[in-house]
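Before any comments, here is the structure.
Note that ligands are numbered from 1 as they come in the structure, with each ligand's atoms numbered from 1 the same way. Remember, predicted model here, so these are calculated numbers, not experimental data.
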Amino acid sequence: MREPITEGVPGARDGGAPGIERVLGRIKAREAGPTVLLLGGIHGNETAGVEGIRRVVDELERADALPHGDVFALLGNRRAYLHDRRFVDVDLNRIWKPSDPPYERLPAEGEGAAEFQEQRELLEELTMIFGEVRGPVHVLDLHTTSGEGAPFQGEFGASREPEEEWERGIPVPHVLGLESMIRGTLGAFLHRRWRARYVLFEGGQHRDPRSPLRAEAAIWTFLASIGLVPSSLEDRVTSSHRLLDDETRGLPDVLEMIHRHPIFPDQGFEMQPGFLNFQSVRRGQILARNKAGTIRAEFDARILMPLYQEVGSDGFFLVRDHHAVRPRGLRRPETERATS
Ligand SMILES: [Zn+2]
C-alpha cells in the first residue's frame with residue numbers, strides 16, 4: 001500500500017525555499033513493523049545523500065510493497081540546499097541542544113536565523129512521523145565531507161534488546177565516540193526525544209560522482225538489515241554490499257574518536273593539502289596552520305574529516321583503531337558465540 005509523497009503533508013509547503021520539498025519519501029506497508037527514517041541535506045551542500053534517497057525511494061515506490069513497516073525520507077536544510085551552502089545563518093546540525101531556544105518557542109515564520117525556521121518546520125514533520133510509527137525507529141542520516149576518502153559510519157542510541165537485534169547493516173568502518181565530540185546534533189536530539197536509534201553515514205567528498213552511489217548503497221544495506229527491502233530488490237542489496245566492501249577494503253572495522261580540533265572563524269585555519277579520511281599520521285606531523293602557527297598531530301593516529309572548505313567548526317578529527325570490540329557484524333557465527 002502506498003500513499004502520495006507530499007500531498008497534504010504540511011511540512012512540504014514551500015516556505016522559504018520555493019520548489020524544494022521537505023518530504024522526499026513516505027512509503028508504508030500494510031503490516032506494522034519497524035520504521036526507517038532517511039535524512040539528507042541537513043547540510044545544504046551535501047547533496048549526495050539527497051540524490052541517494054531519491055533513487056531508493058523511486059525504486060521502492062515502483063517495486064512490490066514493503067514486507068512490513070514504514071520508510072520516511074526528509075530533506076534537512078531546504079533553504080541551504082536551495083543555495084548549495086552548508087547553512088544559511090547557523091549550522092542546522094549544531095542547534096539541537098537542550099539549552100537552545102525551547103522548541104516550542106522557536107521564532108515565528110520570517111523571524112530569526114533561517115535555520116531556526118528550518119528547525120521549526122523539521123520538528124513539525126518529525127513530530128508527525130514519530131506520531132505515526134508502528135515499531136522501533138532507525139534513523140539514517142546521510143552526509144558527505146569536504147575532504148576525500150573512504151566512507152564510514154557512526155551510531156548511537158542503539159538498543160541492544162534481543163527482540164530488536166539487527167544485522168549490522170552498512171559494511172563500512174564504524175567510528176565510535178563521534179556523538180561525544182559534537183554537540184547539538186539532530187541525531188542526539190532524536191535519541192533524547194524519541195529514543196530513536198541513529199546512524200550517521202559519511203559518504204565521501206561532496207562533489208565526488210561516486211558519493212551518491214555510496215549513499216544509495218548505504219541506504220539499501222541499512223534497509224536490508226532491518227528487513228525493509230522487498231524481495232524483488234534483493235539484487236540492489238547484493239551490489240551495494242560489493243560496492244561498499246570494495247571502497248573500504250583494508251580499513252579497520254571499528255575505530256574510536258580520540259581528538260577533535262575545533263576552529264573559530266577568525267583563526268585563519270588552513271588544513272595542509274592532500275589528507276584523506278583514514279590516512280595515518282605520526283605524532284608531531286604538521287596537519288594544519290592558523291594565524292598562531294602550525295598545528296601538529298598530538299598522537300600517532302588516523303585523520304578523519306580534514307576540513308577543506310571555508311565553513312565549518314571542526315578542523316579535523318583523529319581516530320585510532322579500536323581493538324576492544326568485535327569487528328563488523330553484531331551477530332557472530334554460532335561457534336564463536338559459544339566460546340567467547
Ligand atoms: Zn554534514
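- Residues Q119 and L92 form a side-chain contact, since some pair of their non-hydrogen atoms from C-beta on lies under 4.5 Å apart.
- Under the 4.5 Å side-chain heavy-atom criterion for Ile, Leu, Val, Met, Phe, Trp and Tyr, I226 and I170 are members of the same hydrophobic cluster.
- Pairs passing the salt bridge (charged side-chain N to carboxylate O under 4.0 Å, His left out) check and including a residue from residues 282-296, sequence neighbours excluded, read R282-D300.
- Between F316 and H261, the distance from one ring center to the other falls under 6.0 angstrom.
- Sorted by chain and number, the protein atoms of type N, O or S within less than 2.8 Å of the Zn ion (ligand 1) are H43 ND1, E46 OE1, E46 OE2, H143 ND1.
- Taking the six-membered ring for Trp, F201 and F152 have ring centres at least 6.0 Å apart.
- A 4.5 Å side-chain heavy-atom check between L39 and L186 finds at least one atom pair inside the cut-off.
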